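Only one structure is covered here, and it is reproduced in the block below.
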Amino acid sequence: MSEKTAVSPTRQEDFPEWYQQVIRAADLAENSEVRGCMVIKPWGYALWERMQAVLDGMFKATGHRNAYFPLFIPLSYLEKEAAHVEGFAKECAVVTHHRLEAKDGKLVPSGQLSEPLIVRPTSETIIGAAYARWVKSWRDLPILLNQWANVVRWEMRPRLFLRTAEFLWQEGHTAHETSEEAVEETMKMLRVYETFARDYLAIPVITGEKSESERFPGAVQTYCIEAMVQDRKAIQAGTSHFLGQNFSKASGIQFQSRSGAVEHAWTTSWGVSTRLIGTLIMAHGDDDGLILPPRVAPAHVVIIPITPKEDTRAAVLEAADKLAAQLREVSYHGVPVQVEIDSRDLGGGVKNWEWIKKGIPIRIEIGPRDLAQGTVALSRRDRPHKEKAFLPNGDVLSGVTGILDEIQAELLARATAFRDANLKVIESKEDFYKFFTPANSDKPEIHGGFALAHWNGSAAVEEQIKNDLKVTIRCIPFSDSPEAGTCIFTGEPSKQRVVWAKSY
RNA sequence: CGGGGCGUAGCUUAGCUUGGUAGAGCGCGUGGUUUGGGACCACGAGGUCGCAGGUUCGAAUCCUGUCGCCCCGACCA
């Protein structure tokens, strides 16, 4: 009998379809009747709430506070920054009316607005306008704010979590007295994202700067964290922008400096979105569904009572409740161990598989035989699904955080090994093209990865490679000792290797 | 927005060429037997065949339009 996977097709067979099926199998989200928009279901939203909680704490710890700015932005605001217009104009939802009137049994828009409003694709301009009001003196700086919000970008090809017309994110917006301070802020928040990705999502990321063509519209410099997922493509998991004085000039954020001169503030913005959920799915999921890193898992442990006989049912359920209560007393990195009890009247196998698909780190079965022996059967999501350890009750309580840490570490180790195995130093144009060309062009197999190659810094070369291979520069990685060399495409001098990949 | 494909029950789909008013598997409900890894039996609910026109005595089936989804481009977190 061949081993049946919980998710079909497998990653090897059809990665994009596998991704969609994992979302369904894990009950994370579904497509809405509104094109490009998603319904985030409780398990998916709980995951987002965990991410929010951790990130919010990290933002507060770095001196930021939360605020909230309007969903609607006057059209004229977007026009203020030329590059910004260029970047976002083509994907804005526009509100033109403020009333509906009944007409022939239908509702038709009425009450035209004197100036159309756009639904925020990002909030630089409206926050900039507020900062312009708030900043008078160098003593008013810095302003360090964040907002948790939804934004709308009218995308051509939506994909659940990865690219949706509406998505949830946080956007940090800061204003500073000096360029140096703003740059420092930009880097600081990038490091927050890097830490979050590594220590919580168990995803190793490459940090670096975007090339000009990938830069945020209106930014002076865009920095990013780039992750590799299991089809070896890159995904930008977070960005941090040094905006220079572009937006403060556009919005009029001016202050009197220590010397009395009127100067424009230096601003930054930085964000991560629900795309992190998509990244997590593709980084860790397997052919049996989602795998959640314990530090962001909405629940750590599910207890599945096994009640084959009526006369032992009550005792088993009682033991399950007791174990759950004891586990909840245990603290895992500052949060109580989150325990679910699945006492639905279903077969044990069915319940087990549901939780496997949902990616819960630990499954504990407790049945009559365990009661007699004072044990439980414990399974881990990072191990083969049939593997069970029979542990004395006490060992579960004392060992649960250790097991969770092991799972967390294992996921990071796997993702890192995978990333490193598919990261190649490439020295010639020929090897580069070979690296990114699938053997089967009709139905491309998983191929490629991250290529570290020298580049002369020319946007034209980037454009050519993008046209030929759909490969782009994901980032110019930070390096203490950049190794100079020769551009593999032009033979011209290169300051350092950059990271090339196909991307989401 | 261009090129291709597809819309039949919650999901996967048969039927369409050759028009006669819809069938299956999974899932769901009830009852029972089960339950330490995706159980079984019986009964049952669920479909204006994406939508709107047209042709026809009659349309899931043929024609036109439209909407949506998927894949490939262009664009993007």
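Each chain gets a letter, A, B and so on, in the order its sequence line appears, and its residues count up from 1. Keep in mind that this is a model prediction, so the values were computed, not measured.
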Can you identify which nucleotide, out of [options], has its nearest atom closest to the [X] side chain?
X	options	answer
A:Asn352	B:C75, B:G37, B:G38	B:G37
A:Phe167	B:U35, B:A77, B:G36	B:A77
A:Val350	B:C11, B:A77, B:G38	B:G38
A:Ile306	B:G36, B:A77, B:C75	B:G36
A:Arg153	B:G36, B:G37, B:A77	B:A77
A:Gln20	B:A77, B:G36, B:C70	B:C70
A:Lys388	B:G37, B:C75, B:G38	B:G37
A:Ala377	B:G37, B:U12, B:G36	B:G36

No-H, no-angle donor-acceptor pair, A:Arg363 side chain to B:G37 base, under 3.5 Å:
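Answer is yes: a donor-acceptor pair is held.
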Can you measure [X] atom [atom1] to [N] atom [atom2] for me and round it to whole angstrom units?
X	N	atom1	atom2	value
A:Leu280	B:A77	CG	C1'	16 Å
A:Arg383	B:G37	CZ	C1'	18 Å
A:Glu124	B:A77	CD	C1'	13 Å
A:Glu155	B:A74	CD	P	15 Å
A:Met189	B:A77	CE	P	19 Å
A:Ile356	B:G36	CD1	P	14 Å

Using Watson-Crick or G-U wobble geometry with both distances below 3.5 Å, tell me the partner of B:G68, or none.
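B:C6 is the nucleotide pairing with B:G68.
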Partner nucleotide of B:U33 by Watson-Crick or wobble geometry (both distances under 3.5 Å):
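Here B:U33 is engaged in a pair, and the nucleotide opposite it is B:A39.
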Could [X] and [Y] be called an ion pair, given the rule that one side-chain N must be under 4.0 Å from one carboxylate O?
X	Y	result
A:Glu30	A:Lys41	yes
A:Arg344	A:Asp342	yes
A:Asp287	A:Arg11	yes
A:Glu155	A:Lys90	no
A:Glu354	A:Lys357	no

Euclidean distance for C1', B:G36 against B:A42 (whole angstrom)
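About 28 Å, rounded to a whole number of Å.
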Between B:A39 and B:C69 - P atom distance, rounded Å
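My reading of the P atoms in B:C69 and B:A39 gives 35 Å.
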Working to the nearest 0.5 angstrom, can you tell me the gap between A:Phe161 CZ and A:Ile40 CD1?
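It comes to 5.5 Å.
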Closer to the 5' end of RNA chain B via nearest nucleotide, is it A:Gly347 or A:Lys466?
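This one resolves to A:Gly347.
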Closest nucleotide of RNA chain B for A:Ser379 versus for A:Gln236: which of these residues is on the 5' side?
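Upstream on the strand: A:Ser379.
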Determine the contact category for A:Leu162: base if any of its heavy atoms lies under 4.0 Å from a base atom, sugar-phosphate if only primed atoms, P, OP1 or OP2 are that close, otherwise nothing.
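The answer is base, as A:Leu162 lies within the cut-off (heavy atoms under 4.0 Å) of a base atom.
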